[in-house]
Amino acid sequence: MNWLDAAIAFVSPEWGARRVAWRNELRNYDAGNDARLNAGWRVANYSAEATDRGNREYVRARARDLERNSDVMNSVLGAYKRNVVGTGFQLRSMTKKNAVNKELERLWKIWCKARNCDVTGQQSLNQILRMAVVRKKVDGGILFVKRYTRDGILPFSLQMLEVDELDSMHVMPEKNGNRVVGGIEYNTYNRPVGYWIRQYQIDGYTIGNPVYLKASDVIFYYTKKRPSQIREMSDMSPTVTRIRDVNEFITAVSVKERIAACLSVFIRKALPVSGIGRNGGASQDKANYDGKTLTPGMIKELNAGDEVQVVNPTGQAADATSFVKLQQRLVGAGQGISYEATSRDMSETNYSSARQGAIEDELTFAEEEEQILAVLDEIYETFVISCVLAGKVDIADFWERKEEYLQHEWIKQPKKWIDPVKESNATKTAMQTGQKTFKQIAAENGRDWQTQIDDMAEVLKYGQKKGIDLGGVVFGGKVQKKEENSTGQNDNGTDGGSEEKTPVKGGTGAEAGKK
């Protein structure tokens with residue numbers, strides 16, 4: 001308080017207090033003041049590991065409970081599993097040798113089967129990836145461990161470990177100068193150099209001492225949100241409480257509706273049915289209303305003087321739909337996806353809104369897809385090296401040109417069109433105007449462009465052999481002309497005067513037919 005504030009407060013304490021309050025109002029953030037509305041909001045700043053350490057396992061356990069018992073939770077998990085992995089990713093090897101490309105793609109397809117890629121022989125690679133996406137959402141992460149065995153087509157397979165198996169109690173490093181935090185050993189730059197893994201029996205009980213795995217043999221799949229974060233935190237942590245609220249609300253409404261649907265009869269008697277002076281019988285126990293529940297068609301007698309009073313909460317059933325819908329919107333917002341993606345309710349959408357929602361959802365799923373593809377890239381590189389070491393592919397100069405032989409890309413199966421006509425017209429326009437190439441369009445459709453062209457050529461060649469017009473593309477060494485309409489154009493709207501010669505063995509169509 002400066003001298004002017006002090007003078008005003010001396011003359012008029014009320015005006016002095018107002019002046020100080022107004023100055024504080026101008027100076028502070030609403031989010032930073034401790035006024036009445038924020039009085040119970042106590043926070044502190046810590047590193048990510050210090051913040052997460054105390055809650056990591058508890059949040060994970062709650063998320064797993066909701067995974068087992070909540071349909072809303074599983075709607076979110078299902079949306080991520082369907083859109084991030086779906087039917088999987090198709091490999092396209094991109095070395096400069098076509099023979100090597102085809103052999104690597106053939107071996108990869110075989111290796112991806114459960115008996116080859118999974119050390120337990122139980123899951124295919126696509127199943128492993130789908131499980132990894134779900135475990136990352138629920139548990140926060142999962143460990144891919146490279147194992148080198150002789151059980152499959154290659155001496156290389158994957159073992160999946162849950163984050164629970166990281167030995168958080170282990171504190172002794174493998175080498176001096178390193179630190180072990182949360183079961184992971186770090187060097188001075190906080191780079192993981194090894195993982196300490198608890199050993200479990202098949203029934204879940206720990207046995208023996210933890211096993212040390214080199215970081216080069218482990219892929220830790222999790223989301224890092226802060227520089228100081230070194231371990232996972234469940235991706236569902238912002239929304240688990242809201243999902244639990246929906247579960248509890250639906251349970252309460254369900255119980256109420258079940259009670260309201262019960263037709264029950266209570267018989268009230270004016271006098272006790274027995275007792276001293278009544279039929280000479282001894283006093284009997286009063287009705288105890290076993291279970292104190294209502295069942296459909298129940299008939300129950302009341303003791304003399306007893307009354308039935310019904311507690312009838314109103315509003316839940318009528319408001320359940322709007323409440324659950326609002327909560328699902330908030331849950332989806334917390335996970336970066338739309339209400340429609342989680343609820344599968346399209347009643348409030350049209351083509352434009354559905355398309356815009358799908359585009360926004362794709363941006364969210366693309367982030368997860370980027371992470372899972374980074375894991376898949378490392379797996380593929382180890383796969384190629386294993387192929388070379390095992391003699392499955394003959395590449396004499398592999399170690400001199402290693403990076404070239406590791407080049408590849410992943411092609412994902414496309415999603416179904418919302419409106420096929422509009423989508424196909426947009427694709428056609430994009431290719432005609434040069435905004436997209438045939439290669440890009442083929443990739444968007446989940447196809448390799450070279451394979452697609454080879455398939456088209458094979459079909460056209462077979463059609464030519466049988467003398468069938470498959471769209472007038474190539475026949476008898478030239479473009480087959482369709483009948484021109486009244487405007488002088490072909491049926492496809494192009495000028496019929498131009499022809500593109502394409503050399504095809506066999507002469508003209510007529511000559512080919514004679515042959």
Side-chain angles (χ1 to χ4, degrees), residues 48 51-86 123 127-143 160-166 168 182 200 204 220-226 229 231-258 316-317 319-345 357 361 364-365 367-369 371-372:
T51 302
D52 297 346
R53 187 187 304 121
N55 298 298
R56 180 181 293 122
E57 294 188 6
Y58 206 53
V59 172
R60 184 195 311 147
R62 286 181 168 177
R64 286 176 176 174
D65 178 71
L66 291 174
E67 180 189 11
R68 293 188 294 266
N69 300 297
S70 170
D71 42 13
V72 176
M73 178 74 156
N74 280 280
S75 70
V76 176
L77 301 180
Y80 273 87
K81 184 168 61 174
R82 290 190 307 272
N83 289 277
V84 176
V85 178
Q123 290 182 297
Q127 292 170 334
I128 288 175
L129 295 178
R130 284 192 286 265
M131 180 183 70
V133 169
V134 173
R135 296 272 53 88
K136 178 175 173 294
K137 297 300 293 182
V138 177
D139 302 343
I142 193 170
L143 300 167
M160 306 304 295
L161 299 179
E162 294 185 299
V163 289
D164 307 65
E165 299 182 62
L166 287 170
S168 302
Y200 287 93
F220 192 5
Y221 174 49
Y222 78 105
T223 297
K224 185 170 184 177
K225 298 180 179 179
R226 293 178 58 186
Q229 182 179 351
R231 281 278 308 264
E232 80 293 340
M233 174 57 76
S234 172
D235 290 354
M236 299 300 298
S237 56
T239 53
V240 289
T241 53
R242 195 172 300 283
I243 295 175
R244 173 67 187 279
D245 289 344
V246 175
N247 268 16
E248 295 297 308
F249 175 79
I250 292 298
T251 300
V253 172
S254 177
V255 171
K256 175 185 178 296
E257 293 302 308
R258 288 169 59 188
Q316 290 94 325
D319 298 337
T321 301
S322 59
F323 176 80
V324 172
K325 186 178 290 188
L326 173 62
Q327 295 302 306
Q328 278 195 283
R329 289 186 186 278
L330 295 176
V331 169
Q335 295 300 316
I337 54 180
S338 63
Y339 162 76
E340 287 76 17
T342 60
S343 68
R344 315 290 287 277
D345 176 15
D361 289 340
T364 299
F365 296 133
E367 295 182 19
E368 294 292 332
E369 188 176 309
Q371 279 193 276
I372 200 69

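Just so it is clear, the values below take in all heavy atoms, side chains as well, and ignore hydrogens, waters and symmetry mates.
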Between I142 and V163, the two heavy atoms sitting closest are N-CG1, 4.1 Å
- Message: Treating D65 as the side-chain partner and A61 as the backbone partner, does any N or O pair qualify as donor plus acceptor under 3.5 Å?
- Response: no
To the nearest 0.5 Å, atom OH of Y339 lies from atom CG of L326 at 10.5 Å
All heavy atoms of D139 vs all of R64, minimum pair found to be OD1-NE, 2.8 Å
Separation between OG1 (T51) and CZ (R226), nearest 0.5 Å, reads 5.0 Å
Minimal heavy-atom distance between G182 and R231, with the atoms involved, is O-NH1, 2.6 Å
Contacts of Q127 meeting side chain to side chain contact (heavy atoms under 4.5 Å, CB included) (sequence neighbours excluded), chain-then-number -> Q123, S124, R130
ask   = If we only count heavy atoms from C-beta on, is the V331 to T342 side-chain gap below 4.5 Å?
value = no
Quick one, E57 and D164 - any side-chain contact, counting heavy atoms below 4.5 Å? no
Contacts of K136 meeting salt bridge (charged side-chain N to carboxylate O under 4.0 Å, His left out) (sequence neighbours excluded), chain-then-number -> D235, E368
CE (M233) and NZ (K224) are apart, to the nearest 0.5 Å, by 15.0 Å
With heavy-atom distances below 4.5 Å as the criterion, would you say the side chains of L66 and R62 are in contact? no
Heavy-atom nearest pair, E67 first then N74, reads O-ND2, 2.8 Å
Sequence neighbours excluded, the answer for salt bridge (charged side-chain N to carboxylate O under 4.0 Å, His left out) partners of R344 is none
Contacts of S234 meeting side chain to side chain contact (heavy atoms under 4.5 Å, CB included) (sequence neighbours excluded), chain-then-number -> V59, A63, M236
Between the CE atom in M160 and the CD atom in E165, the distance rounded to the nearest 0.5 Å is 10.5 Å
Any T239 side-chain heavy atom under 4.5 Å of Q335 side chain: yes
Point to revise | More than 12 heavy atoms from other groups under 6.0 Å of CZ on R56 | key: yes
Rounding to 0.5 Å, atoms CG (L166) and CG (L143) come to a distance of 5.0 Å
- Message: What I'd like to find out is whether the side chain of V138 reaches to under 4.5 Å of the side chain of M73, using heavy atoms alone.
- Response: yes
Across all chains, not counting sequence neighbours, the ring-ring contact (aromatic ring centres under 6.0 Å, His included) partners of Y222 are F220
Across all chains, not counting sequence neighbours, the salt bridge (charged side-chain N to carboxylate O under 4.0 Å, His left out) partners of R244 are E248
Between the CG atom in D345 and the OG atom in S75, the distance rounded to the nearest 0.5 Å is 12.0 Å
Applying salt bridge (charged side-chain N to carboxylate O under 4.0 Å, His left out) to R53 and not counting sequence neighbours gives E49
Sorted by chain and number, sequence neighbours left out, side-chain hydrogen bond (donor to acceptor under 3.5 Å, both in side chains) with N247 holds for S70
Residue set satisfying ring-ring contact (aromatic ring centres under 6.0 Å, His included) with F365, at least two apart, ordered chain then number -> Y80
Heavy atoms of V246 and Q327 approach each other most closely as CG2-CB, 3.3 Å
Sequence neighbours excluded, the answer for side-chain hydrogen bond (donor to acceptor under 3.5 Å, both in side chains) partners of D71 is none
Across all chains, not counting sequence neighbours, the side-chain hydrogen bond (donor to acceptor under 3.5 Å, both in side chains) partners of E340 are none
The side-chain hydrogen bond (donor to acceptor under 3.5 Å, both in side chains) partners of R329 (sequence neighbours excluded) come to E348
